[in-house]
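Heads up, the thing below is written out as structure tokens.
Every chain is numbered from 1, with letters handed out A, B, ... down the list of sequences. What you see is a predicted model; the values in this text were computed from it and never measured. The figures here come from the full heavy-atom set of this structure, side chains too, leaving out hydrogens, waters and symmetry mates.
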Amino acid sequence: MAATLLTHNYFPNFNAPRIVSLNPFEPPNPNQSHDAVTRPRFPKPNQLRLTHSNASKTLTERSNITLMDALYSFIDSGSIDDALYLFEEMNHSDTFSWNIVIKGLVQKGLFDEAISYFHRMEFGGIRPDKFTYPFVLKAFAGLLSLKEGEKVHAKLIKVGLDLDVYICNSIISMYMKVGCVESGENVFEEMSVRDLVSWNAMVSGYQLVGDGLSSLVCLREMVSVGIRPDSFSFISSFGACSVEGCGRNGKEIHCQVIRNGFEMDPRVETSLIDMYGKCRNVIYAERVFDMIVDKNMVAWNAMVAGYASNARFYESFSCVKKMQDVGKLMPDVITMINLLPACAQTGALLMVKSIHARSIRKGFLPHIVLETALVDSYRRCGKLKLAEHVFTRIKGKNLASLNAMIAAYVHNGWYSEALELFLDIWYNSVKVDAITFASILPAYAEVTSLSEGRQIHAVVTKLGLSSSNTIISNSIIYLYAKCGDLQTTRRCFDGMVCKDVVSWNTIIMAYAIHGFGRISIQLFHEMIENSIKPNKSTFVSLLSACSISGMVDEGWEYFNSMERDYGIDPGIEHFGCMLDLIGRTGNLDQAKHFIEEMPLVPTARIWGSLLSASRKTNDIELAEAASKHALSQEHDNTGCYILLSNMYAEAGRWEDVEKIKTLMIQEGIAKTMGCSAVEKDYKVHRFVDQDGSNAEVNMVNDVMDIIVKMTAEEEDVYARRITKLRRTDLTRKKPNVPENHSVRSAISFGLISTKLGSPVLVRKNIRICEDCHNFAKRISKISKREIVVGDSKVFHHFEDGNCSCGDYW
DNA sequence: ATAGGGTTAG
């Protein structure tokens with residue numbers, strides 16, 4: 001067949017009807033141009049079967065005019081390889097053939113190749129013309145190379161082509177696509193004659209850079225100067241409405257679409273579905289979707305996404321089913337990508353896996369977007385190993401996939417893995433973006449190293465992200481609070497231009513964990529005055545503040561006001577805060593009663609809270625009951641065992657202590673080793689309980705000896721207490737001697753290694769014990785220094801013998 | 001023969 005075509009009828013009937021696929025499953029070819037049906041066409045290359053051995057001779061015998069038509073047909077049908085082959089066989093002394101080849105490459109997204117052909121053309125002495133430059137500009141826009149684009153712009157001014165309206169439109173589009181809005185605006189402003197396309201370039205450009213508002217303003221402006229928008233204008237402005245989440249404007253423009261008779265345009269219809277879906281108006285999206293007579297793949301996919309992104313998970317699945325049954329279309333890779341959030345958000349791991357499996361079977365993989373979606377879905381199901389599995393196999397990881405993996409690690413508490421990945425790409429000079437920082441900053445907050453926190457803050461500031469990006473600013477506030485620097489926390493908060501509800505929640509929580517609940521309350525009222533609507537998290541912050549600072553009456557008042565004044569149902573986390581609050585009053589009956597009366601099933605955190613409450617009065621019976629409940633649930637129960645064990649020890653019930661010890665061994669739970677850290681000169685100095693290996697330990701011991709002597713002299717009781725504990729500990733061979741607790745070494749080291757007048761900041765991984773708490777209070781009085789000890793829950797600000805926690809923690 | 005456009009992950 002192929003041979004016949006080549007020898008007998010190389011250029012068959014130009015006017016023959018187009019071969020149209022009869023396969024109803026085949027999606028329409030998106031590359032087809034509008035006028036494809038009317039223009040005489042060269043046969044498709046697959047009908048042509050051009051082979052390298054026998055074609056060249058035949059081809060060169062033909063006139064160049066006919067060859068040009070062939071070249072054009074190849075490009076038009078997307079057969080770039082055939083086109084390039086043919087091109088090489090032709091004498092290419094004319095600009096037109098070069099233009100066509102460059103156009104073909106740009107259409108295929110082969111921007112680098114397009115540029116290299118452009119350079120070859122220039123090098124060969126062929127002058128590019130006004131038709132060449134739009135393609136070249138599009139290629140540089142695609143490569144996001146502003147510099148090269150600017151060079152072309154400069155050259156166009158030089159040769160005087162910058163007055164051509166087509167050229168100008170291309171320049172505008174290039175500038176907008178690379179994100180250089182100002183340059184685009186300048187070109188637009190200076191044009192003497194603007195056509196519809198010039199306006200469309202601006203409307204679409206603004207939407208592209210995420211400035212939906214300017215896009216919509218631009219649309220309005222073009223109408224007001226008498227330019228009638230076309231389908232392109234409308235499609236772009238629907239994108240703008242989506243960006244702004246502005247369904248109201250979307251509806252208005254929808255009306256304009258109908259008035260202008262574009263409502264039957266399939267692309268307009270699809271962009272409408274997309275817009276309504278993104279503006280949380282599923283009903284309107286459905287309405288538009290149902291009106292489409294002949295729904296294509298894109299429309300179905302848009303509807304699937306509309307359901308999935310609006311938590312209508314069941315509908316998104318049934319939509320895929322209908323797509324196959326009614327629409328006679330097979331789900332494609334984009335369907336999979338759209339469907340994944342629906343599975344992941346319902347925690348349907350099996351569904352994620354089956355989509356993954358189906359994608360492998362259908363040959364959708366490798367596909368960077370699908371793989372990234374899989375990473376994200378597996379992490380939402382808490383399956384980090386599976387997320388990692390997909391991630392490590394991604395070839396040509398891009399920024400989005402890296403961001404997804406960093407977020408996956410951070411969301412699941414794998415902070416060191418997240419930091420390792422982040423630092424790896426950072427030190428390899430991989431370009432990162434605001435999303436990268438927004439993802440990694442919570443990990444820095446968990447590292448709780450003030451110097452590292454300052455470093456990352458500096459990086460973010462240098463990139464201009466710390467003031468402009470609210471999510472990042474909020475993370476920075478949280479980071480400083482967690483690192484113990486409340487002053488900087490406040491400074492960053494005050495410096496924020498756009499404070500959202502998260503910013504307020506964070507600052508309220510910051511003061512809460514630092515024990516300054518009064519300020520938290522004050523900030524809450526400030527927030528209300530600033531017309532920021534509180535949410536669930538606000539009350540977690542506020543109630544935590546009341547609990548930590550022992551403001552019982554206020555706590556109850558705010559708890560009761562939640563539903564009454566703000567319409568927020570108290571969740572389990574709020575009950576937890578209230579239980580802490582009750583616990584600190586020592587009224588254990590009330591605590592028990594509170595749990596019984598709770599409308600929600602108590603979690604391990606609730607029982608843990610009751611356990612902590614029972615510790616205060618050493619009510620072992622209650623502690624045992626609470627522990628039993630807590631231990632029956634899947635949870636990290638290390639703290640629970642330790643607390644109970646300590647209570648048994650306090651009561652001298654050593655057999656029970658041993659029992660717990662055996663139980664912990666059985667369960668494979670290791671006691672978390674106490675560790676305290678002090679930073680000096682950008683270095684973290686760690687002190688471990690009962691450890692003598694630290695280099696500074698001798699010096700620290702000397703300092704401690706002096707301090708212990710001073711505190712002992714001051715308060716005799718304290719000395720006696722040490723002796724008592726030491727004796728029992730020696731006889732029982734118990735290693736848990738408070739005077740060997742790392743926090744004391746850390747404080748001592750901090751006192752001699754930091755500047756006078758500045759607070760000593762110690763970070764501790766587990767809760768501080770009562771003895772060490774007393775010790776710290778005394779040192780703060782003697783040394784006249786502020787000592788800040790951040791444990792796993794709160795910050796203790798020791799000053800002049802007192803602690804901000806009011807001796808309850 | 002030339003410019004502008006819809007669905008997807010972060």
Candidate nucleotides [options], ranked by approach to the side chain of [X] - the nearest:
X	options	answer
A:H367	B:dT8, B:dG4, B:dG10	B:dT8
A:R267	B:dG10, B:dG6, B:dG4	B:dG6
A:K177	B:dG10, B:dT8, B:dG5	B:dG5
A:T372	B:dT2, B:dA9, B:dG4	B:dA9
A:D274	B:dT7, B:dG4, B:dT2	B:dT7
A:S204	B:dG4, B:dA9, B:dG6	B:dG4
A:D230	B:dA3, B:dA9, B:dG4	B:dG4
A:A404	B:dG4, B:dG10, B:dT8	B:dG10
A:V298	B:dA9, B:dG6, B:dG10	B:dG6

Send over the distance from [X] [atom1] to [N] [atom2], rounded to a whole Å.
X	N	atom1	atom2	value
A:Y409	B:dG10	OH	C1'	16 Å
A:L156	B:dA3	CG	P	15 Å
A:Q207	B:dT7	CD	P	8 Å
A:L219	B:dG4	CG	C1'	14 Å
A:D129	B:dA3	CG	C1'	13 Å
A:F238	B:dG5	CZ	P	17 Å
A:M275	B:dT7	CE	P	12 Å
A:F289	B:dG6	CZ	P	20 Å

What nucleic acid atoms does [X] come within less than 4.0 Å of, heavy atoms only: base, sugar-phosphate, or nothing?
X	result
A:I334	base
A:D195	base
A:L402	nothing
A:F135	sugar-phosphate
A:T270	base
A:L399	base
A:K397	nothing
A:N398	base

Give a yes/no answer on whether the side chain of [X] brings an N or O atom under 4.0 Å of OP1 or OP2 in [N].
X	N	value
A:K103	B:dT2	yes
A:K138	B:dG5	no
A:S236	B:dG5	no

Note to self: Can you confirm whether more than 12 heavy atoms, excluding those of A:L146, are under 6.0 Å from its CG atom?
What the structure shows: yes

Next item on the list: Decide if atom CD1 of A:I360 counts as having more than 12 heavy atoms of other residues, nucleotides or ligands within a radius under 6.0 Å.
Entry: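 Enclosed: over 12 neighbouring heavy atoms sit under 6.0 Å from CD1 of A:I360.
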
Please report the interatomic distance [atom1]([X]) to [atom2]([Y]), rounded to the nearest 0.5 Å.
X	Y	atom1	atom2	value
A:S401	A:K395	OG	NZ	13.0 Å
A:D274	A:R267	CG	CZ	14.5 Å
A:C241	A:Q207	SG	CD	10.0 Å
A:E122	A:W98	CD	CH2	10.5 Å

Check: Within the stacking criterion (centroid distance below 5.5 Å, interplanar angle below 30°), does A:Y166 stack on B:dT2?
Finding: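 Whether judged by distance or by angle, A:Y166 passes, so it stacks on the base of B:dT2.
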
Check: Can A:F232 be classed as stacking with the base of B:dG5, given a centroid separation cut-off of 5.5 Å and a plane angle cut-off of 30°?
Finding: no

Next item on the list: Using the six-membered ring of A:F391, assess whether NZ or CZ of A:K397 lies under 6.0 Å from its centre and within 45 degrees of the ring axis.
Entry: yes

